[in-house]
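I have placed the structure first, in the form of C-alpha coordinates, so that the comments after it can refer back to it.
Heavy atoms only: backbone and side chains are in, while hydrogens, waters and symmetry mates are out. Sequence positions, counted from 1, serve as the residue numbers for this chain.
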Amino acid sequence: MAAPLGLFDSFTEDGFWWITGREDARVAGTLTFNPEQGARLNLLGNLDDPERSINMIFGIERGEAAVIYGETTKGKPVTLFKARNLGRPIYIPGTAIETWSSNLLVIGLHIESADKAIFSKSCSRFEGIENWLGHRLSVVTLDAEENRLLVKVAKPIEEHFASYDDFEVTSVRILYYSNTPDTRYTIDAVSQFGVTPTTPKSLNWHLSKATGLQELASLCTCNLLPLTALQLEGPEQNLGQGMMCPAEVHVYTRLVHDKMGTGPKPPMPLLSGPELVSINAGAVKQWFDDYDKFRPVIGLCLTAMGGQEMFMNVRFLLAIQALEAFHRLTSEDTVMPEADFPAFLKMMTNTIPKSASDCMKEKLRGTYRYLNEPSLKQRLEAMINDIKRTFDTALPAFDKAYIRKLVDTRNYYTNYSNNLKNNKLSGEDMYWASRRIVLLLTILFLKRLGVTGENLAKFLDRHQDFSRLWKADGIRSSAGRTDQSQ
(Lines give C-alpha, C1' and ligand atoms only; values in the text may rest on other atoms or scores of the structure.)
Protein backbone atom coordinates (compact mmCIF):
# COMPACT_ATOMS: atom_id res chain seq x y z
CA MET A 1 0.00 0.00 0.00
CA ALA A 2 1.00 3.64 -0.39
CA ALA A 3 2.50 5.53 2.54
CA PRO A 4 -0.21 7.00 4.82
CA LEU A 5 -0.55 10.74 5.19
CA GLY A 6 1.68 12.34 7.81
CA LEU A 7 1.52 15.38 10.08
CA PHE A 8 2.84 17.70 7.36
CA ASP A 9 0.26 16.56 4.80
CA SER A 10 -3.06 18.29 4.17
CA PHE A 11 -6.25 16.48 3.25
CA THR A 12 -10.03 16.80 3.01
CA GLU A 13 -12.68 14.21 3.89
CA ASP A 14 -16.47 14.40 3.51
CA GLY A 15 -18.67 12.50 5.93
CA PHE A 16 -21.34 12.55 8.64
CA TRP A 17 -20.73 13.81 12.18
CA TRP A 18 -22.33 13.61 15.63
CA ILE A 19 -21.77 14.00 19.37
CA THR A 20 -22.59 11.68 22.27
CA GLY A 21 -26.34 11.49 22.83
CA ARG A 22 -27.21 12.54 19.27
CA GLU A 23 -25.99 9.52 17.31
CA ASP A 24 -29.28 9.46 15.39
CA ALA A 25 -29.00 13.12 14.35
CA ARG A 26 -25.92 12.97 12.16
CA VAL A 27 -24.89 16.11 10.30
CA ALA A 28 -23.22 16.24 6.90
CA GLY A 29 -19.96 18.15 6.69
CA THR A 30 -16.39 18.40 5.44
CA LEU A 31 -13.25 17.79 7.48
CA THR A 32 -10.03 19.50 6.45
CA PHE A 33 -6.61 19.19 8.06
CA ASN A 34 -3.38 21.10 7.63
CA PRO A 35 -0.44 21.39 10.05
CA GLU A 36 -0.79 25.15 10.52
CA GLN A 37 -4.50 25.26 11.50
CA GLY A 38 -5.10 21.70 12.68
CA ALA A 39 -8.49 20.13 11.95
CA ARG A 40 -11.48 22.18 10.76
CA LEU A 41 -14.97 20.76 10.46
CA ASN A 42 -17.56 22.64 8.38
CA LEU A 43 -21.09 21.36 9.01
CA LEU A 44 -24.42 21.83 7.25
CA GLY A 45 -26.49 21.83 10.42
CA ASN A 46 -26.11 21.82 14.21
CA LEU A 47 -24.51 19.10 16.29
CA ASP A 48 -26.51 20.12 19.38
CA ASP A 49 -30.29 20.12 19.49
CA PRO A 50 -31.76 23.27 17.84
CA GLU A 51 -32.92 24.91 21.10
CA ARG A 52 -29.53 24.62 22.78
CA SER A 53 -27.78 25.84 19.61
CA ILE A 54 -29.94 28.97 19.57
CA ASN A 55 -29.27 29.55 23.27
CA MET A 56 -25.52 29.40 22.62
CA ILE A 57 -25.83 31.78 19.67
CA PHE A 58 -27.43 34.41 21.92
CA GLY A 59 -25.17 33.69 24.90
CA ILE A 60 -27.88 32.12 27.07
CA GLU A 61 -25.77 28.97 27.35
CA ARG A 62 -22.04 28.63 27.08
CA GLY A 63 -20.50 26.21 24.60
CA GLU A 64 -17.86 23.79 25.85
CA ALA A 65 -15.16 21.71 24.21
CA ALA A 66 -16.65 18.55 22.74
CA VAL A 67 -15.61 15.17 21.39
CA ILE A 68 -16.98 14.86 17.86
CA TYR A 69 -17.35 11.51 16.10
CA GLY A 70 -17.66 10.95 12.40
CA GLU A 71 -17.56 8.53 9.53
CA THR A 72 -16.17 9.57 6.18
CA THR A 73 -17.76 8.65 2.89
CA LYS A 74 -14.91 6.14 2.53
CA GLY A 75 -16.06 4.40 5.71
CA LYS A 76 -13.26 5.64 7.99
CA PRO A 77 -14.18 6.32 11.66
CA VAL A 78 -12.96 9.71 12.91
CA THR A 79 -12.65 11.33 16.35
CA LEU A 80 -11.94 15.01 17.03
CA PHE A 81 -10.87 15.83 20.60
CA LYS A 82 -11.51 19.09 22.49
CA ALA A 83 -13.31 20.51 19.48
CA ARG A 84 -14.45 24.11 19.83
CA ASN A 85 -17.15 25.89 17.90
CA LEU A 86 -15.76 28.80 15.88
CA GLY A 87 -19.15 30.16 14.85
CA ARG A 88 -22.86 29.52 14.38
CA PRO A 89 -24.07 32.13 11.88
CA ILE A 90 -27.84 32.46 11.35
CA TYR A 91 -29.20 32.59 7.82
CA ILE A 92 -32.96 33.13 7.64
CA PRO A 93 -34.26 31.51 5.56
CA GLY A 94 -31.59 28.92 5.01
CA THR A 95 -29.67 26.02 6.51
CA ALA A 96 -27.82 26.39 9.79
CA ILE A 97 -24.05 25.95 9.51
CA GLU A 98 -21.30 25.44 12.08
CA THR A 99 -17.51 25.48 12.00
CA TRP A 100 -15.51 23.52 14.57
CA SER A 101 -11.78 23.43 15.26
CA SER A 102 -9.65 20.72 16.90
CA ASN A 103 -5.92 20.37 17.52
CA LEU A 104 -6.05 16.57 17.94
CA LEU A 105 -7.59 14.34 15.29
CA VAL A 106 -7.76 10.53 15.16
CA ILE A 107 -8.65 8.57 12.03
CA GLY A 108 -9.38 4.87 12.32
CA LEU A 109 -11.28 4.58 15.60
CA HIS A 110 -13.96 6.16 17.77
CA ILE A 111 -12.64 6.74 21.31
CA GLU A 112 -14.13 8.70 24.18
CA SER A 113 -10.88 9.98 25.65
CA ALA A 114 -7.24 10.43 24.68
CA ASP A 115 -6.44 8.97 28.11
CA LYS A 116 -8.20 5.65 27.48
CA ALA A 117 -5.65 2.79 27.66
CA ILE A 118 -6.47 0.77 24.54
CA PHE A 119 -3.41 1.01 22.28
CA SER A 120 -0.93 -1.89 22.29
CA LYS A 121 1.76 -0.31 20.09
CA SER A 122 2.73 2.92 18.35
CA CYS A 123 5.02 3.73 15.44
CA SER A 124 6.36 7.25 14.98
CA ARG A 125 8.57 9.12 12.57
CA PHE A 126 10.45 12.37 12.82
CA GLU A 127 12.51 14.27 10.30
CA GLY A 128 16.01 12.87 9.92
CA ILE A 129 15.20 9.62 11.75
CA GLU A 130 17.09 7.49 9.20
CA ASN A 131 20.15 9.66 9.72
CA TRP A 132 19.95 9.41 13.52
CA LEU A 133 19.39 5.63 13.45
CA GLY A 134 22.13 5.12 10.87
CA HIS A 135 19.74 3.36 8.48
CA ARG A 136 20.63 3.15 4.81
CA LEU A 137 17.40 1.90 3.32
CA SER A 138 18.18 1.99 -0.40
CA VAL A 139 21.17 1.74 -2.73
CA VAL A 140 21.06 3.09 -6.29
CA THR A 141 23.61 1.80 -8.84
CA LEU A 142 23.95 3.08 -12.40
CA ASP A 143 25.53 0.75 -14.95
CA ALA A 144 26.37 3.08 -17.85
CA GLU A 145 27.60 0.29 -20.14
CA GLU A 146 24.46 -1.78 -19.72
CA ASN A 147 22.29 1.36 -19.64
CA ARG A 148 20.67 0.03 -16.48
CA LEU A 149 19.66 1.60 -13.19
CA LEU A 150 19.54 -0.82 -10.25
CA VAL A 151 17.72 0.14 -7.06
CA LYS A 152 18.09 -2.09 -3.99
CA VAL A 153 15.79 -1.45 -1.03
CA ALA A 154 16.52 -2.92 2.40
CA LYS A 155 14.15 -5.62 3.58
CA PRO A 156 11.85 -4.34 6.38
CA ILE A 157 13.04 -5.54 9.77
CA GLU A 158 12.38 -4.59 13.38
CA GLU A 159 15.31 -4.36 15.79
CA HIS A 160 15.60 -3.84 19.52
CA PHE A 161 16.76 -0.32 20.40
CA ALA A 162 16.16 0.19 24.14
CA SER A 163 14.06 -1.02 27.07
CA TYR A 164 12.26 0.70 29.91
CA ASP A 165 10.40 -0.65 32.95
CA ASP A 166 7.07 -1.03 31.15
CA PHE A 167 7.80 -0.67 27.43
CA GLU A 168 10.27 -1.62 24.71
CA VAL A 169 11.59 0.63 21.96
CA THR A 170 12.40 -0.84 18.55
CA SER A 171 13.58 0.61 15.26
CA VAL A 172 11.31 -0.37 12.39
CA ARG A 173 12.03 -0.27 8.66
CA ILE A 174 8.94 -0.17 6.48
CA LEU A 175 8.29 -0.28 2.74
CA TYR A 176 5.31 1.44 1.17
CA TYR A 177 4.57 1.09 -2.51
CA SER A 178 2.07 2.47 -4.99
CA ASN A 179 1.14 1.44 -8.52
CA THR A 180 -1.39 4.13 -9.36
CA PRO A 181 -1.64 5.38 -12.97
CA ASP A 182 -0.39 8.88 -12.19
CA THR A 183 2.78 7.73 -10.36
CA ARG A 184 3.26 4.45 -12.25
CA TYR A 185 5.28 2.79 -9.49
CA THR A 186 6.82 4.24 -6.36
CA ILE A 187 8.55 2.74 -3.32
CA ASP A 188 8.92 4.62 -0.05
CA ALA A 189 11.47 3.12 2.35
CA VAL A 190 11.20 4.74 5.77
CA SER A 191 12.35 4.20 9.33
CA GLN A 192 10.15 4.46 12.41
CA PHE A 193 10.38 4.02 16.14
CA GLY A 194 8.12 1.37 17.61
CA VAL A 195 7.02 1.59 21.24
CA THR A 196 5.39 -1.52 22.72
CA PRO A 197 4.14 -1.30 26.32
CA THR A 198 3.62 -4.37 28.50
CA THR A 199 -0.08 -3.43 28.76
CA PRO A 200 -2.19 -1.22 26.47
CA LYS A 201 -1.71 2.51 27.00
CA SER A 202 -3.54 5.69 26.02
CA LEU A 203 -3.10 7.92 23.00
CA ASN A 204 -1.56 10.62 25.22
CA TRP A 205 0.90 8.10 26.67
CA HIS A 206 2.07 6.96 23.24
CA LEU A 207 2.27 10.56 22.02
CA SER A 208 4.48 11.51 24.97
CA LYS A 209 6.85 8.59 24.27
CA ALA A 210 7.06 9.46 20.57
CA THR A 211 7.75 13.08 21.47
CA GLY A 212 10.38 12.02 24.02
CA LEU A 213 12.31 10.00 21.43
CA GLN A 214 12.02 12.79 18.87
CA GLU A 215 13.35 15.33 21.39
CA LEU A 216 16.25 13.06 22.36
CA ALA A 217 17.29 12.79 18.70
CA SER A 218 16.87 16.57 18.28
CA LEU A 219 19.16 17.18 21.24
CA CYS A 220 21.80 14.80 19.87
CA THR A 221 21.61 16.63 16.53
CA CYS A 222 21.47 20.15 18.00
CA ASN A 223 18.67 20.77 15.54
CA LEU A 224 14.89 20.46 15.90
CA LEU A 225 13.66 17.28 14.18
CA PRO A 226 9.87 17.66 14.07
CA LEU A 227 7.54 14.70 14.50
CA THR A 228 6.11 13.79 11.09
CA ALA A 229 3.85 10.76 11.74
CA LEU A 230 2.25 8.77 14.55
CA GLN A 231 0.36 5.52 14.03
CA LEU A 232 -1.26 3.38 16.75
CA GLU A 233 -2.47 -0.20 16.99
CA GLY A 234 -5.93 -0.22 18.57
CA PRO A 235 -8.21 -3.01 19.78
CA GLU A 236 -8.70 -5.95 17.44
CA GLN A 237 -11.53 -5.60 14.95
CA ASN A 238 -13.53 -8.30 13.22
CA LEU A 239 -12.85 -8.24 9.49
CA GLY A 240 -15.39 -10.98 8.81
CA GLN A 241 -15.09 -14.73 8.28
CA GLY A 242 -13.39 -15.06 11.65
CA MET A 243 -10.48 -12.79 10.73
CA MET A 244 -9.29 -10.35 13.44
CA CYS A 245 -6.86 -7.47 13.01
CA PRO A 246 -5.76 -4.56 15.26
CA ALA A 247 -7.35 -1.25 14.31
CA GLU A 248 -4.92 0.98 12.39
CA VAL A 249 -5.18 4.44 13.89
CA HIS A 250 -3.47 7.59 12.59
CA VAL A 251 -3.01 10.68 14.77
CA TYR A 252 -2.88 14.24 13.45
CA THR A 253 -2.05 17.26 15.60
CA ARG A 254 -1.64 20.93 14.97
CA LEU A 255 2.10 21.59 14.85
CA VAL A 256 3.79 24.15 17.05
CA HIS A 257 6.74 24.44 14.65
CA ASP A 258 4.74 24.54 11.42
CA LYS A 259 7.60 25.99 9.36
CA MET A 260 9.75 22.92 9.94
CA GLY A 261 9.87 20.01 7.55
CA THR A 262 10.38 22.24 4.51
CA GLY A 263 13.96 23.40 5.07
CA PRO A 264 17.34 21.85 4.26
CA LYS A 265 18.23 18.31 5.24
CA PRO A 266 18.92 17.98 9.00
CA PRO A 267 22.64 18.08 9.78
CA MET A 268 24.74 15.12 10.83
CA PRO A 269 24.03 14.31 14.49
CA LEU A 270 26.66 14.96 17.09
CA LEU A 271 25.84 11.49 18.44
CA SER A 272 23.64 8.92 16.67
CA GLY A 273 21.12 6.68 18.39
CA PRO A 274 23.13 3.44 18.01
CA GLU A 275 26.26 5.23 19.28
CA LEU A 276 24.37 6.51 22.31
CA VAL A 277 23.05 3.09 23.36
CA SER A 278 26.40 1.39 22.61
CA ILE A 279 28.08 3.76 25.08
CA ASN A 280 25.36 3.28 27.68
CA ALA A 281 22.63 0.69 27.16
CA GLY A 282 20.57 2.46 29.83
CA ALA A 283 20.77 5.91 28.22
CA VAL A 284 17.20 5.88 26.89
CA LYS A 285 15.89 4.68 30.25
CA GLN A 286 17.77 7.51 31.98
CA TRP A 287 16.29 9.97 29.47
CA PHE A 288 12.72 8.95 30.27
CA ASP A 289 13.50 8.84 34.01
CA ASP A 290 14.52 12.51 33.77
CA TYR A 291 12.01 13.53 31.10
CA ASP A 292 9.24 15.01 33.24
CA LYS A 293 11.74 16.83 35.43
CA PHE A 294 13.56 18.44 32.49
CA ARG A 295 10.58 19.01 30.19
CA PRO A 296 10.61 22.83 30.70
CA VAL A 297 14.34 22.95 29.88
CA ILE A 298 13.91 20.73 26.83
CA GLY A 299 11.03 22.90 25.60
CA LEU A 300 13.09 26.09 25.89
CA CYS A 301 16.07 24.48 24.19
CA LEU A 302 14.11 23.02 21.26
CA THR A 303 12.26 26.29 20.72
CA ALA A 304 15.62 28.05 20.48
CA MET A 305 16.80 25.36 18.03
CA GLY A 306 13.72 25.54 15.82
CA GLY A 307 13.09 29.29 15.92
CA GLN A 308 14.68 30.06 12.57
CA GLU A 309 12.33 33.00 11.97
CA MET A 310 12.54 34.24 15.56
CA PHE A 311 14.11 37.57 16.50
CA MET A 312 17.74 36.82 17.39
CA ASN A 313 17.54 38.39 20.85
CA VAL A 314 14.47 36.26 21.71
CA ARG A 315 16.24 33.13 20.52
CA PHE A 316 19.28 34.02 22.61
CA LEU A 317 17.16 34.66 25.71
CA LEU A 318 15.41 31.30 25.35
CA ALA A 319 18.74 29.50 25.02
CA ILE A 320 20.33 31.22 28.02
CA GLN A 321 17.17 30.63 30.10
CA ALA A 322 17.28 26.92 29.22
CA LEU A 323 20.89 26.74 30.41
CA GLU A 324 20.10 28.55 33.66
CA ALA A 325 17.06 26.33 34.29
CA PHE A 326 19.19 23.21 33.72
CA HIS A 327 21.63 24.34 36.39
CA ARG A 328 18.79 25.07 38.82
CA LEU A 329 17.46 21.52 38.36
CA THR A 330 20.82 19.75 38.61
CA SER A 331 22.73 21.73 41.21
CA GLU A 332 22.29 22.56 44.87
CA ASP A 333 24.92 25.29 44.70
CA THR A 334 24.38 28.31 46.95
CA VAL A 335 26.44 31.44 47.47
CA MET A 336 26.90 30.62 51.16
CA PRO A 337 26.11 27.47 53.17
CA GLU A 338 22.36 26.98 53.22
CA ALA A 339 22.36 26.43 56.99
CA ASP A 340 23.91 29.89 57.57
CA PHE A 341 21.56 31.78 55.26
CA PRO A 342 18.46 32.19 57.51
CA ALA A 343 20.50 34.11 60.11
CA PHE A 344 22.09 36.22 57.36
CA LEU A 345 18.68 36.93 55.83
CA LYS A 346 17.30 38.02 59.19
CA MET A 347 20.28 40.33 59.74
CA MET A 348 19.87 41.90 56.27
CA THR A 349 16.12 42.33 56.76
CA ASN A 350 16.69 44.06 60.11
CA THR A 351 18.96 46.61 58.42
CA ILE A 352 16.10 47.97 56.29
CA PRO A 353 15.56 51.56 57.55
CA LYS A 354 12.19 52.15 59.20
CA SER A 355 11.96 55.38 57.26
CA ALA A 356 11.94 53.48 53.94
CA SER A 357 8.65 53.47 52.06
CA ASP A 358 6.48 50.35 52.08
CA CYS A 359 7.27 49.77 48.41
CA MET A 360 11.01 49.91 49.08
CA LYS A 361 10.70 47.57 52.07
CA GLU A 362 8.75 45.07 49.97
CA LYS A 363 11.31 45.22 47.17
CA LEU A 364 14.26 44.73 49.53
CA ARG A 365 12.63 41.79 51.32
CA GLY A 366 11.93 40.13 47.98
CA THR A 367 15.51 40.75 46.81
CA TYR A 368 17.08 39.47 50.03
CA ARG A 369 15.02 36.27 49.89
CA TYR A 370 16.93 35.15 46.77
CA LEU A 371 20.38 36.42 47.72
CA ASN A 372 21.71 32.91 48.31
CA GLU A 373 20.96 31.80 44.76
CA PRO A 374 23.95 31.94 42.39
CA SER A 375 23.89 34.65 39.75
CA LEU A 376 23.78 33.79 36.05
CA LYS A 377 27.53 34.44 35.84
CA GLN A 378 28.19 32.07 38.74
CA ARG A 379 25.95 29.41 37.22
CA LEU A 380 27.69 29.67 33.85
CA GLU A 381 31.11 29.45 35.45
CA ALA A 382 30.03 26.37 37.45
CA MET A 383 28.80 24.60 34.30
CA ILE A 384 31.91 25.54 32.32
CA ASN A 385 34.13 24.24 35.13
CA ASP A 386 32.13 21.00 35.11
CA ILE A 387 32.74 20.63 31.37
CA LYS A 388 36.44 21.45 31.85
CA ARG A 389 36.72 18.59 34.32
CA THR A 390 34.95 16.31 31.84
CA PHE A 391 37.33 17.16 28.98
CA ASP A 392 40.33 17.77 31.22
CA THR A 393 41.06 20.96 29.30
CA ALA A 394 40.00 24.60 29.19
CA LEU A 395 37.28 25.71 26.78
CA PRO A 396 38.56 28.61 24.66
CA ALA A 397 35.02 29.38 23.43
CA PHE A 398 33.85 30.19 26.97
CA ASP A 399 36.52 32.37 28.53
CA LYS A 400 35.73 34.90 31.28
CA ALA A 401 35.27 37.78 28.84
CA TYR A 402 32.79 35.78 26.77
CA ILE A 403 30.81 34.73 29.83
CA ARG A 404 30.64 38.40 30.86
CA LYS A 405 29.27 39.22 27.39
CA LEU A 406 26.58 36.54 27.72
CA VAL A 407 25.50 37.91 31.11
CA ASP A 408 25.48 41.53 29.98
CA THR A 409 23.46 40.64 26.88
CA ARG A 410 20.86 38.76 28.91
CA ASN A 411 20.63 41.61 31.44
CA TYR A 412 20.36 44.22 28.70
CA TYR A 413 17.41 42.54 26.99
CA THR A 414 15.60 41.74 30.24
CA ASN A 415 16.14 45.16 31.87
CA TYR A 416 17.10 47.43 28.94
CA SER A 417 19.78 49.17 30.99
CA ASN A 418 21.59 51.79 28.89
CA ASN A 419 24.90 51.20 30.67
CA LEU A 420 24.96 47.66 29.18
CA LYS A 421 24.20 48.72 25.61
CA ASN A 422 27.85 48.84 24.55
CA ASN A 423 28.65 45.54 26.28
CA LYS A 424 25.97 43.35 24.68
CA LEU A 425 26.52 40.98 21.77
CA SER A 426 25.52 42.05 18.29
CA GLY A 427 22.83 40.24 16.31
CA GLU A 428 25.36 38.04 14.50
CA ASP A 429 27.19 37.35 17.75
CA MET A 430 23.90 36.35 19.40
CA TYR A 431 23.31 33.84 16.60
CA TRP A 432 26.62 32.10 17.33
CA ALA A 433 26.11 32.45 21.08
CA SER A 434 22.71 30.72 20.84
CA ARG A 435 24.23 27.82 18.94
CA ARG A 436 27.10 27.56 21.42
CA ILE A 437 24.69 27.53 24.35
CA VAL A 438 22.57 24.80 22.74
CA LEU A 439 25.71 22.75 22.16
CA LEU A 440 26.80 23.26 25.77
CA LEU A 441 23.36 22.18 26.99
CA THR A 442 23.53 19.11 24.74
CA ILE A 443 26.88 18.13 26.26
CA LEU A 444 25.45 18.53 29.78
CA PHE A 445 22.46 16.32 28.92
CA LEU A 446 24.66 13.68 27.30
CA LYS A 447 26.80 13.57 30.44
CA ARG A 448 23.66 12.73 32.40
CA LEU A 449 23.00 9.92 29.93
CA GLY A 450 26.36 8.32 30.69
CA VAL A 451 28.45 9.66 27.79
CA THR A 452 32.00 10.24 29.02
CA GLY A 453 34.35 13.11 28.26
CA GLU A 454 36.52 10.82 26.15
CA ASN A 455 33.51 9.87 24.00
CA LEU A 456 32.33 13.46 23.71
CA ALA A 457 35.74 14.75 22.65
CA LYS A 458 35.86 12.15 19.86
CA PHE A 459 32.41 13.06 18.57
CA LEU A 460 33.15 16.78 18.71
CA ASP A 461 36.39 16.39 16.79
CA ARG A 462 34.74 14.45 13.95
CA HIS A 463 31.99 17.05 13.49
CA GLN A 464 33.36 20.17 11.82
CA ASP A 465 30.38 22.42 12.60
CA PHE A 466 30.27 21.62 16.32
CA SER A 467 34.06 21.63 16.56
CA ARG A 468 34.12 25.24 15.36
CA LEU A 469 31.43 26.19 17.86
CA TRP A 470 33.36 24.55 20.67
CA LYS A 471 36.57 26.46 19.97
CA ALA A 472 37.13 30.20 19.75
CA ASP A 473 38.98 29.80 16.44
CA GLY A 474 36.81 29.76 13.35
CA ILE A 475 33.79 31.76 14.49
CA ARG A 476 33.16 35.18 15.93
CA SER A 477 34.59 35.24 19.44
CA SER A 478 34.17 37.56 22.42
CA ALA A 479 37.05 39.65 21.03
CA GLY A 480 35.21 40.08 17.74
CA ARG A 481 37.21 37.76 15.46
CA THR A 482 35.26 36.57 12.43
CA ASP A 483 35.74 33.42 10.40
CA GLN A 484 36.34 34.56 6.82
CA SER A 485 35.05 31.26 5.48
CA GLN A 486 31.54 31.78 6.83
Side-chain angles (χ1 to χ4, degrees), residues 286 289-301 303-304 316-392 394-395 397-420 423-425 433-434 436-438 440-450 453 478:
Q286 182 64 49
D289 281 340
D290 289 345
Y291 188 66
D292 287 338
K293 175 182 178 180
F294 286 103
R295 185 170 290 182
V297 178
I298 297 168
L300 288 169
C301 183
T303 303
F316 169 83
L317 289 174
L318 289 172
I320 203 77
Q321 181 60 35
L323 198 60
E324 185 174 15
F326 180 91
H327 188 262
R328 286 179 183 273
L329 291 171
T330 57
S331 171
E332 296 181 355
D333 288 354
T334 54
V335 180
M336 65 185 298
E338 188 65 31
D340 299 337
F341 183 67
F344 179 81
L345 176 61
K346 183 178 180 180
M347 181 188 69
M348 292 295 295
T349 304
N350 290 339
T351 62
I352 299 176
K354 294 182 180 180
S355 59
S357 66
D358 291 341
C359 291
M360 179 57 73
K361 291 177 182 177
E362 181 182 0
K363 179 179 180 180
L364 289 174
R365 290 192 187 101
T367 301
Y368 293 163
R369 192 178 302 122
Y370 298 101
L371 278 178
N372 206 28
E373 287 199 11
S375 66
L376 174 60
K377 179 176 179 292
Q378 291 167 332
R379 293 185 188 279
L380 288 173
E381 288 174 342
M383 286 184 281
I384 295 302
N385 288 333
D386 183 29
I387 296 295
K388 286 179 181 178
R389 289 189 293 270
T390 300
F391 285 88
D392 196 26
L395 303 181
F398 289 93
D399 56 24
K400 289 185 177 180
Y402 194 71
I403 291 175
R404 184 72 261 171
K405 282 278 187 180
L406 296 177
V407 174
D408 287 344
T409 305
R410 195 285 299 268
N411 291 341
Y412 173 78
Y413 282 109
T414 53
N415 300 317
Y416 282 97
S417 176
N418 283 329
N419 63 344
L420 295 175
N423 298 336
K424 70 179 181 65
L425 296 169
S434 299
R436 278 176 166 171
I437 292 167
V438 167
L440 178 60
L441 194 54
T442 298
I443 300 300
L444 292 169
F445 266 116
L446 290 177
K447 280 191 60 187
R448 289 189 64 86
L449 299 182
S478 58

(request) Measure the CG-CD1 distance between Leu300 and Ile320 for me, rounded to the nearest 0.5 Å. (result) 12.0 Å

(message) Once rounded to the nearest 0.5 Å, what's the spacing between atom CD1 of Ile437 and atom CD of Gln321?
(response) 11.0 Å

(message) Whether Glu381 and Lys400 form a salt bridge (side-chain N of Lys/Arg under 4.0 Å from carboxylate O of Asp/Glu) is what I want to check.
(response) no

(request) Look up atom CZ in Arg369 and atom OG1 in Thr349, then write down how far apart they are to the nearest 0.5 Å. (result) 8.5 Å

(message) Is there a side-chain contact between Leu371 and Val335 in this structure, where contact means two heavy atoms from C-beta onward sitting under 4.5 Å apart?
(response) no

(message) Using side-chain heavy atoms (C-beta onward) and a distance below 4.5 Å, is Lys447 in contact with Asp386?
(response) yes

Check residues 290-299 and write down every donor-acceptor pair under 3.5 Å in which the side-chain atom is one partner and the other belongs to a residue at least two apart or another chain.
from   : atom 1 : to     : atom 2 : distance (Å)
Asp290 : OD1    : Gln286 : NE2    : 3.2
Asp290 : OD2    : Gln286 : NE2    : 3.0
Asp290 : OD2    : Arg448 : NE     : 3.2
Asp290 : OD2    : Arg448 : NH2    : 3.2
Tyr291 : OH     : Glu215 : OE1    : 2.6
Asp292 : OD1    : Arg295 : NH2    : 3.3
Lys293 : NZ     : Leu329 : O      : 3.1

(request) Give the minimum heavy-atom separation between Thr390 and Gly453, together with the two atoms involved. (result) CG2-CA, 3.3 Å

(message) Any heavy-atom pair between the side chains of Glu332 and Glu338 that's under 4.5 Å?
(response) no

(request) Check Phe341 against Met336 and note the closest heavy-atom contact, atom names and distance. (result) CD1-SD, 3.9 Å

(message) For a 4.5 angstrom cut-off between non-hydrogen side-chain atoms, does Ile384 reach Leu440?
(response) yes

(message) I want to check something: taking the side chain as every heavy atom from C-beta on, are Leu317 and Thr414 in contact at a cut-off of under 4.5 Å?
(response) yes

(message) Can you tell me how the ring of Tyr402 sits relative to the ring of Phe398, calling it parallel under 30°, perpendicular over 60° and tilted otherwise?
(response) perpendicular

(request) Give the intermediate values and the outcome of side-chain contact (heavy atoms from CB on, under 4.5 Å) for residues Val407 and Arg404. (result) CA-CA 5 Å; Val407 174; Arg404 184 72 261 171; 3.1 Å; yes

(message) Within the structure provided, determine whether Leu406 and Phe316 are in side-chain contact (heavy-atom separation under 4.5 Å).
(response) yes

(message) Using a 3.5 Å distance criterion without hydrogens, assess whether the side chain of Lys405 forms a donor-acceptor pair with backbone atoms of Asn423.
(response) yes

(request) Working to the nearest 0.5 Å, report the span between CG of Asp408 and CD1 of Ile403. (result) 12.0 Å

(message) Given 3.5 Å as the limit, does a donor-acceptor pair link the side chain of Gln378 with the main chain of Ser375, or not?
(response) yes

(message) Would you compute the distance between atom OG1 of Thr330 and atom CG of Leu444 and round it to the nearest 0.5 angstrom?
(response) 7.5 Å

(message) Looking at every non-hydrogen atom in both residues, tell me the closest pair between Cys301 and Ala322 and how far apart they are.
(response) N-CB, 3.9 Å

(message) Is it true that Ser417 and Asn415 share a donor-acceptor pair across their side chains at a distance under 3.5 Å?
(response) no

(message) Within the 4.5 Å heavy-atom criterion, are Phe344 and Asn372 side-chain neighbours or not?
(response) no

(message) Within this structure, what is the CG-CZ distance for the pair Leu441 and Arg436, rounded to the nearest 0.5 Å?
(response) 16.0 Å

(message) If the test is side-chain contact (heavy atoms from CB on, under 4.5 Å), which one of Lys361, Glu362, Met360 qualifies with Leu364?
(response) Met360

